[in-house]
Structures are given as structure tokens and as C-alpha cells.
Amino acid sequence: MLFDRLVKVYQELEDTASGNELRKILAGLFSEVKPEEIAKISYLTLGRISSDYSGIVLGLAEKTVIKAIAKVGGISESKAKVILNETGDIGLAAEKILKKKPQTLIPMDKLTVIDLFSTLHKITTMSGSGSQDVKMNLLVNILQKASPAGAKYLSRIVLGTLRLGVAEMAVLDSLSIAFTGDKKNKEILENAYNICPDLGIIAETLAIKGIKSVEKINIQVGRP
């Protein structure tokens with residue numbers, strides 16, 4: 001799935017006040033997602049790249065992110081900071097800056113969810129001297145492939161400020177609707193989540209093996 005497809009859904013969610021409508025939109029998204037993408041999209045929709053307990057962190061500071069945005073947008077870092085101060089939001093700043101980014105003669109591949117997820121996880125492995133520069137360059141690479149709207153949500157995700165109004169229970173509701181046709185089966189998913197607090201595992205199990213396999217999810221050593 002292209003990240004831009006996910007971005008359109010995020011825009012809808014951001015403009016939606018109704019909890020029921022939000023779940024309907026999410027269920028529609030999950031019903032079209034490939035099984036190998038469902039865990040990734042579940043995490044991203046919560047503004048994460050893994051479960052909370054995994055301890056995986058991007059370690060990107062706002063200063064690094066705005067520097068990457070400025071580089072892609074072809075403006076100075078100081079000008080980018082002014083725009084950030086004006087908008088008060090890293091996502092809105094990224095969208096505004098990238099709307100005016102220089103056009104390249106070489107067509108860029110469009111950003112996919114898998115490409116985004118893989119790069120973000122690669123960033124988490126970088127440490128030591130010079131790692132911030134390496135992280136920034138990896139972020140530049142995916143920002144170059146993103147649309148201005150995509151840059152808005154990507155920037156928020158990397159700083160943990162996505163804030164779509166979507167919580168774990170809303171995702172479980174939506175998964176239940178998408179894969180079982182009945183919101184009532186959310187109780188089964190919720191019970192599984194109490195045993196395995198990892199929405200990615202639950203979403204993938206449901207999409208690939210069905211609700212009966214979700215019921216069989218059990219305690220595992222090392223997983224709270």
C-alpha cells in the first residue's frame with residue numbers, strides 16, 4: 001500500500017469527531033490492507049512503529065526532524081524554524097515547506113508503507129558518534145518520496161505526536177468489523193489484547209488465521 005493512501009485515511013480521521021464514523025473509516029482501511037501490512041498499519045495508526053513494551057525508539061529530536069524537512073524543502077534551517085514557530089506544529093510546518101520543495105528531474109519512487117516502516121526501524125538501530133546525521137539522512141530519503149500531506153503525518157509519527165484521536169480500543173473495534181463483520185467480536189480481541197498487549201500481533205493473527213486463532217493467543221515468556 002502506498003503511504004499516500006494511508007495519509008488520505010488519516011486526513012479523514014483528523015476531520016472526524018464521531019467515534020462511530022472513525023471506526024467505520026478505519027474498518028474500511030483494514031479491509032483493503034494486505035496481511036503482511038496489517039501489523040505495520042495498526043502501529044502507525046497509533047503513531048508508533050512497534051508495541052509499547054518493546055522499547056523500540058526512534059531517538060529523533062525535533063531539531064533533527066526540522067533540519068531534514070528544511071533540506072528536502074530546499075530552505076535554510078532558520079527559515080524552517082520560523083515556519084515551525086508560526087504553525088506551532090511539526091506536521092503543518094512540514095506540509096507547508098514541502099509544498100514549495102524544488103522539483104527533481106528524476107522521478108522519485110512513491111513512498112510505500114513497507115518502505116516507510118523499514119526505514120524507521122533502520123533509524124532505531126543507529127547509535128554512537130555521528131548517528132544523528134545518519135538518522136537525518138534516512139529521514140530525508142523518505143521525506144523526499146512523501147507528498148506534502150504525507151510529510152505532515154510522517155513528521156508527527158517520528159516525534160510521537162500523531163494524535164488522530166485513535167486509541168487501542170478503537171483499533172480493536174475496527175479490526176473486528178473489518179474481519180468478522182461484527183463489532184461484538186471486539187470482546188474476543190480485547191481479551192487477547194489483555195494477554196498479549198501488542199496490536200500488531202493481534203491484527204496479523206486475525207487477518208491471516210481468523211478469529212479462532214485470536215482466541216488461542218496465550219501468555220508468552222518475556223511479553224507482559
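Every heavy atom of this structure was used, including side-chain atoms; hydrogens, water molecules and symmetry mates were not. By convention here, the first residue in the shown sequence is residue 1.
E168 places no side-chain N or O within donor-acceptor distance of the main-chain N or O of L46, the cut-off being under 3.5 Å. Judged by distance alone, with hydrogens and angles left aside, the side-chain atoms of Y10 form a donor-acceptor pair with the main-chain N or O of T45 at under 3.5 Å. No side-chain donor-acceptor contact under 3.5 Å links E21 to the backbone of T16. At least one donor-acceptor pair closer than 3.5 Å links the side chain of R23 to the backbone N or O of G19. Not one N or O on the side chain of S118 forms a donor-acceptor pair closer than 3.5 Å with the backbone of D115. When atom types are taken as modelled, the side chain of S176 and the backbone of K186 share a donor-acceptor pair closer than 3.5 angstrom. K145 contributes no side-chain N or O that, together with a main-chain N or O of L116, makes up a donor-acceptor pair within less than 3.5 Å.
Separation of atoms CE (M136) and OG (S131) is listed at 12.5 Å; rounding is to 0.5 Å. Expressed to the nearest 0.5 Å, how far CD1 of I49 lies from OG of S54 amounts to 8.0 Å. Atom CG of L154 is separated from atom CD1 of I90 by 10.5 Å, given to the nearest 0.5 angstrom.
At most 12 heavy atoms of other shown residues, nucleotides or ligands fall within 6.0 angstrom of atom CD in E187. Atom CD of E77 sits in a crowded spot, with more than 12 heavy atoms from other residues, nucleotides or ligands closer than 6.0 Å.
Note on I177: it does not cluster hydrophobically with V214, by side-chain heavy-atom contacts below 4.5 Å among ILVMFWY residues. I142 and L2 fall into different hydrophobic clusters, where Ile, Leu, Val, Met, Phe, Trp and Tyr residues are linked whenever their side-chain heavy atoms come under 4.5 Å apart, directly or through other members.
Salt-bridge formation is not detected for the pair K8/E12: no Lys NZ or Arg NE/NH1/NH2 atom is positioned less than 4.0 Å from an Asp or Glu carboxylate oxygen. Using a 4.0 Å cut-off between charged side-chain N and carboxylate O, D198 and R223 make no salt bridge.
Each of T87, I83, L84, I97 was compared with L92 under the side-chain contact (heavy atoms from CB on, under 4.5 Å) criterion, and only T87 meets it. Partner L143 forms a side-chain contact (heavy atoms from CB on, under 4.5 Å) with one of I69, V65, L111 and no other, that one being I69. Each of D182, T180, T205, L175 was evaluated against I211; a single residue qualifies, T180, per the side-chain contact (heavy atoms from CB on, under 4.5 Å) test.
The minimum heavy-atom distance linking A151 with A94 is given by the pair O-CB, 3.7 Å.
Between Y43 and F117, the ring planes are parallel. Angles under 30° get that label, and only those over 60° would be called perpendicular.
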